[in-house]
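Please read the structure below before turning to the comments.
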Number of protein chains: 2
Amino acid sequence: MPADEDDATQPPGPTRPGAAHPGLTRDALARAALRVLEREGLAGLSMRKVAAEVGVKAASLYWHVRNKEELLDLLNDALMADAEAPPRTGDWRTQLRGYCRRYRAHLLAKRDAAKVVAGRLAPGPHLLRLMEDQLDRLREAGFSPADSAMISYLLGAYVQGFVLQEQSPMAAAETTGAGRREVADAAAERFRTLPAAEFPNLVAMADDLTGPDLDARFDFGLDRILDGLAALLPPDRR
Amino acid sequence: MPADEDDATQPPGPTRPGAAHPGLTRDALARAALRVLEREGLAGLSMRKVAAEVGVKAASLYWHVRNKEELLDLLNDALMADAEAPPRTGDWRTQLRGYCRRYRAHLLAKRDAAKVVAGRLAPGPHLLRLMEDQLDRLREAGFSPADSAMISYLLGAYVQGFVLQEQSPMAAAETTGAGRREVADAAAERFRTLPAAEFPNLVAMADDLTGPDLDARFDFGLDRILDGLAALLPPDRR
DNA sequence: ACCTGAACACCGTTCAAGT
DNA sequence: ACCTGAACACCGTTCAAGT
């Protein structure tokens, strides 16, 4: 995923005040929001800062967008703009695994992406494209239309839920200056020092609970789900 | 889940200004935050409103709590205060299903609960109690310590991800005045009217994608996961 | 020990007014 | 058609001052 800075389609240089900004489309707004998100996180993403990013005052945004919610919808779609489907090779399991791993990696790559994506009902055009492709592969693998629709929803919930859980605490922890390892160690220590009479399992399994890194956890869950999906197919297509 | 209003352990009646508020513990603060959340949603939960709820000014809260983040940690735990584990009867599948269904129902019952819970790393004492119990049942079912730890995390991510996805759009939709049925119908219409050449599957499967209600979708995903987990056990314990 | 007033640096949004 | 200044009703947080 290269090319972040200026899109170079239109030089966004400042214009004389009061004048229309030629490049100020909803699309440019979305990309500006993306840059602010990367720099300041979702908590720091304000209408005022996005406006400044495009060289305009906050009130002007309301000409292009109904409110902040709508800007977040735009951002949501922009976040998916450079997501790519996995190669159409291998069996359905490897393709589906590729989908989920890429989706996770894609969300992890942009700051607070999971938080932005999580609560938004309407899939933008870019996500629609991916859904269409994924459904196509599910049908081809032999899943019924009804099952395919359910599976698509299930995988989306899993990946988003997982990334949300790994992304926000990490962001919070890194704010306090600690790295991934330190956070895990502190969590293990917390479990280990719990009263053993009341929490025998948490104490005994402190390392199991905090040791495995998140890649391993993600793949574990994903493989369990894929195993479960296989059971829906006739035996000769598993 | 009854008994919401005043906990009645301490009458929170107003005191003379400047005087200490006897009932103003961190616990009382958490319960006040819970009431504000129920009334105003997470977006409307401000330090000022929580302070008013306990009859105090905003600045006073900083005596009891480092910042808003810490208040949200308290709220997070308060949200889990009256969660109950399912009965310890039936095989591991029904117990685990009970766990996930109850967790979902519990999150759905409180406004914006999934959003509060989602990004918080440190499980509060109430959640710890549930984790301990769940791990115990997993071990008893025959899962290894390592697998049990992974499974606990997997189920948590699934339920939270799922509820987050169903709760926030619904809240947004209901703000605009529409009910569940109308939202689903509008989504189906959106899929159905997409260009059929580019999105053949979305168009054809519009009803499958939007028809099943969320209870059905949740159970579908849950059963797939449970199927997948079964494969980890020796054949005689499935 | 605990609460307050006042202040600071922010928010999202509206609207009459500009060009 | 698009941008702006000014205003409104809010935020979280700090801190000297009160009791």
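Each chain gets a letter, A, B and so on, in the order the sequences are listed, and its residues count up from 1. Bear in mind that the values here come from a model prediction, so they are computed numbers and not experimental data.
- Atom NZ of Lys68(B) sits about 11.0 Å away from atom CG of Leu61(B), to the nearest 0.5 Å.
- If you find the closest nucleotide of DNA chain D to Ser60(A) and to Met47(B), the one lying nearer the 5' end belongs to Ser60(A).
- Here Phe162(A) and Tyr153(B) bring their ring centres to under 6.0 angstrom of each other.
- For dG5(D), the paired nucleotide is dC15(C), the pair qualifying as Watson-Crick or G-U wobble because both relevant distances are below 3.5 Å.
- Here dA1(C) presents its P atom at 16 Å from CG of Leu24(B), a figure rounded to the nearest Å.
- Atom CZ in Phe218(A) sits 9.0 Å away from atom CG in Leu108(A) (nearest 0.5 Å).
- If you measure from atom NZ of Lys57(A) to atom C1' of dA7(D), you get 16 Å, rounded to the nearest angstrom.
- Ser46(A) comes within 4.0 angstrom of sugar-phosphate atoms only, judged by non-hydrogen atoms across all strands, and of no base.
- Relative to the side chain of Ala59(A), the nucleotides dT13(C), dC15(C), dC3(D) differ in distance, and dC15(C) lies closest.
- Taking every side-chain heavy atom of Lys49(B) into account, dC11(D) is the closest of dA6(C), dC11(D), dC2(D).
- dC10(D) is unpaired under the criterion used here, namely a Watson-Crick or G-U wobble arrangement in which both key atom distances are under 3.5 Å.
- Nearer the 5' end of DNA chain D, as judged by each residue's closest nucleotide, is the contact made by Ala58(A), out of Arg48(A) and Ala58(A).
- For the pair Lys68(A) NZ and dC10(D) P, the computed distance is 18 Å after rounding to whole Å.
- Closest contact between the side chain of His64(A) and the listed nucleotides dC3(D), dT13(D), dT4(C) involves dC3(D).
- Partner Arg217(B) forms a side-chain contact (heavy atoms from CB on, under 4.5 Å) with one of Asp215(B), Asp219(B), Leu214(B) and no other, that one being Leu214(B).
- The side chain of Tyr62(B) has dG12(D) as its nearest neighbour among dG12(D), dA1(D), dG12(C).
- Taking every side-chain heavy atom of Trp63(A) into account, dA1(D) is the closest of dG5(C), dA1(D), dT4(D).
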